[in-house]
Amino acid sequence: MYEVPLITADNFVTYMLNGVSRGMIIFLVASGLTLIFGLIGLINFAHGAMLALGGYGTYVVLQTMDNFWLGLGISVVLVTLLGYVLERKVLYWLYDEPLLGFLGTFGIGLVIEEALAVQFGSRSYTIQSPIPQSTELLGVTYPSYRLFVILVGAVVAAGVGLLLTRTRLGLEIHATANRQPTAEILGVNTTRIYTVTFVLGTALAALAGALTAPITSIYPTIGLDYITMAFLVIIVGGMGSFKGSFVVSMIVGQTIAFGWLVLEPTYVRILVFVAAMVFILYKPRGFFGKPEVHE
Amino acid sequence: MSSRMADARELIRGSARRPLLAVGVLVLLTVPILAPGQSSLATEALIFALFAISVDIVLGYAGLLTLAPAAFFGLGAYSVAKVVVDYGQSFWLGFPVAIVLAIALAVVIGYIPIKQRIGNVYFVLFTLAFGAIVTDFTTVTTSLTGGSNGLGFFSPPEVLGIDLGDGLPYYYFTLLIVAVFGLGIYRLISSDYGDVLNATRQNELRMRYLGYDTNRELMIAWIVSAAVSALAGAVYVGMVGIASPSLVSFGLTGDVIIWIIVGGTGTLLGPFLAAIALVFTQELLQTIWQGGYRLLLGLLFVVFVFVFPDGLIGLIRGDE
């Protein structure tokens, strides 16, 4: 049996911050997925491969130019471009066929992951943290890099949230998701909206991959682990709900951070998956989903 | 359309069907003689072929895309390994145990989603979660499944003085099982039940109005598929002698989906042949370009999804 350790105040803050930083990474992956699913209805299984590419891109640039930030920037830009090309040239044709869309993105993801495995081998690479210092916060010493990840996640959440609720583009995305033909008639270029949303989602995945590299190390199938979790997060949060993906990512992050005190980490993951299965069956729109989900 | 393609079509569909079938059966019977030393590879190919058609019942005929076929395959493998290694019982007891457990698990997992008609997209995500749970569960419950070490080693017993632990007898044992259950599935799919499944996939609402209990029909397909997948897993573990987490992994799920798509969904021959061909291709490539096989497999799969969604069989049959 697992002994429940006593939690001191310091430990509590550390665990909570661990949960937040982990939750932020999950959120970056899940929010991209939920945007793509909510708008396009595409189960984008290539999302994880985009995350892996973001991580490996950062690694390669770091090796050659010895600059993490440059690596992060370059890899996010390149993966975003790849997302653009994929959407325009390949995936666009599959939007009316959800199952074919799933199979197509599954295949593309497989090709990318295997190409990474051929190029880099299936071993995992660790990346030195670009900010190795620690910061005093709430009475504990905490790695600055993780605080940076939390900051980036918060900025992205606020930024994309504002984009979706306060701008013309956000309105057009909502309109397209709601009634694509009506939006088209009212002058929205829905083809462009699809592209913008897909590319934005892909950029978030690449960012997540680059940010997670110094924390967890990278390996070719890293994406699969993340998107399985992310898919379940967006189910519980409500398909297509940006707010839902944020709230549930935070809950999952905290559950994993504190859950291991009472259970083995894998059991915590299993619990999260079970919760998601129950949600699919009894509350498929999740916490924040709209009454109507487009398939 | 090239005339050679048309010729090939004629050959498959027309008068040459029976001779081709006879040649196929002859090849299957004489593989160990034609290619000595390859019998374990041939056994593996046959088992995966049976696995592929069992999953195609659900994917191709019932139209439910599942991401957890490896869970049932692995359940079959682990049941046999558990019965033999941990409980010291007979190898043969493992088979009914595997099938009964698979049916029970299929009912538990499939009953509510099929009854609620959660829709294709949600079914994919539901089975994704289920598959992930099974994978995690297998690696974490060390006392039950041996964790990442797996459960092994053991070899199949002697029957009537023939040692099944040998590669050659085990090949024929596998061939027998695959033949019996493969033909069984073929009979099931060519019966009225197969038509009902096809029609349900195409228009479930209409089938309900016609008075069919479509939930029951889908449930039957789901259970049969799970049971045969588990059986394939059980035969597989007899060959390799150890049940390990790779048998429940998402990688195997991906493989079986690829075999089915490449072969042609909604056909039995296509996935059957594609699984055999790809297992042999993997072995061939292993010596030339290690690690490249899965990359090529991915590319092949993408080409089939985007260009030939009807698979090899669709290519041969052409537009009818």
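Residue numbers begin at 1 in each chain, while the letters A, B, ... track the order of the sequences.
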ask   = Do A:I43 and B:Y122 pass the side chain to side chain contact (heavy atoms under 4.5 Å, CB included) test, and can you show the C-alpha distance, the side-chain angles, and the key distance before you say yes or no?
value = CA-CA 10 Å; A:I43 305 182; B:Y122 285 106; over 6 Å; no

inquiry  = Let's go through B:V121 and A:F37 carefully: what are the C-alpha distance in whole Å and the side-chain angles of both, what is the deciding distance for side chain to side chain contact (heavy atoms under 4.5 Å, CB included) to 0.1 Å, and is it a yes or a no?
reply    = CA-CA 10 Å; B:V121 171; A:F37 186 88; 3.3 Å; yes

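Note that CG of A:D225 and OG1 of B:T135 are 10.0 Å apart. Values are rounded to the nearest 0.5 Å. Rounding to the nearest 0.5 Å places CG of A:L103 at 7.5 Å from CG of B:L59. Note that CZ of A:R269 and CD1 of B:I133 are 10.0 Å apart. Values are rounded to the nearest 0.5 Å. For the atom pair OG1 of A:T228 and CG of B:L67, the computed distance is 9.5 Å after rounding to the nearest 0.5 Å.
Interface remark: A:V272 contributes no atoms to any contact with chain B (heavy atom separation under 4.5 Å). The contact between A:L224 and chain B is made entirely by side chain atoms (from C-beta outward), counting heavy-atom distances below 4.5 Å. Contact of B:I109 with chain A is made through the side chain alone, with heavy-atom distances under 4.5 Å. Heavy atoms of A:A115 lying under 4.5 Å from chain B belong to its backbone as well as its side chain. If you measure heavy-atom distances from B:F137 to chain A, the contacts under 4.5 Å come from both the backbone and the side chain.
Using a 4.5 Å cut-off on side-chain heavy atoms (C-beta onward), B:V124 and A:F45 make no contact. Contact of the A:I235 side chain with the B:F126 side chain is not registered, since no non-hydrogen atoms from C-beta on lie closer than 4.5 Å. Looking at A:F106 and B:V305, their side chains never come closer than 4.5 Å, going by heavy atoms from C-beta outward. Between B:D136 and A:F273, some side-chain heavy-atom pair lies under the 4.5 Å cut-off.
With sequence neighbours excluded, the residues satisfying ring-ring contact (aromatic ring centres under 6.0 Å, His included) with A:F242 are A:F27. Scored by the ring-ring contact (aromatic ring centres under 6.0 Å, His included) test, B:Y293 finds no partners at all (sequence neighbours excluded).
Contact count against chain B (heavy-atom pairs under 4.5 Å) is highest for A:T266 among A:T266, A:I108, A:L110, A:L232. Ranked by heavy-atom pairs shorter than 4.5 Å toward chain A, the options B:G292, B:G254, B:G63 are led by B:G254.
Within the structure, side-chain hydrogen bond (donor to acceptor under 3.5 Å, both in side chains) contacts touching residues 111-120 of chain A (residues at least two apart or in different chains) are A:E114-B:R294.
The environment of CZ in B:R206 is sparse: at most 12 heavy-atom neighbours from other residues, nucleotides or ligands sit within 6.0 Å. Counting heavy-atom neighbours within 6.0 Å of B:F280 CZ, excluding the residue itself, gives a total above 12.
Listed by sequence position, B:L295, B:G298, B:L299, B:F301, B:V302 are the residues of residues 295-302 of chain B in contact with chain A, using a 4.5 angstrom heavy-atom cutoff.
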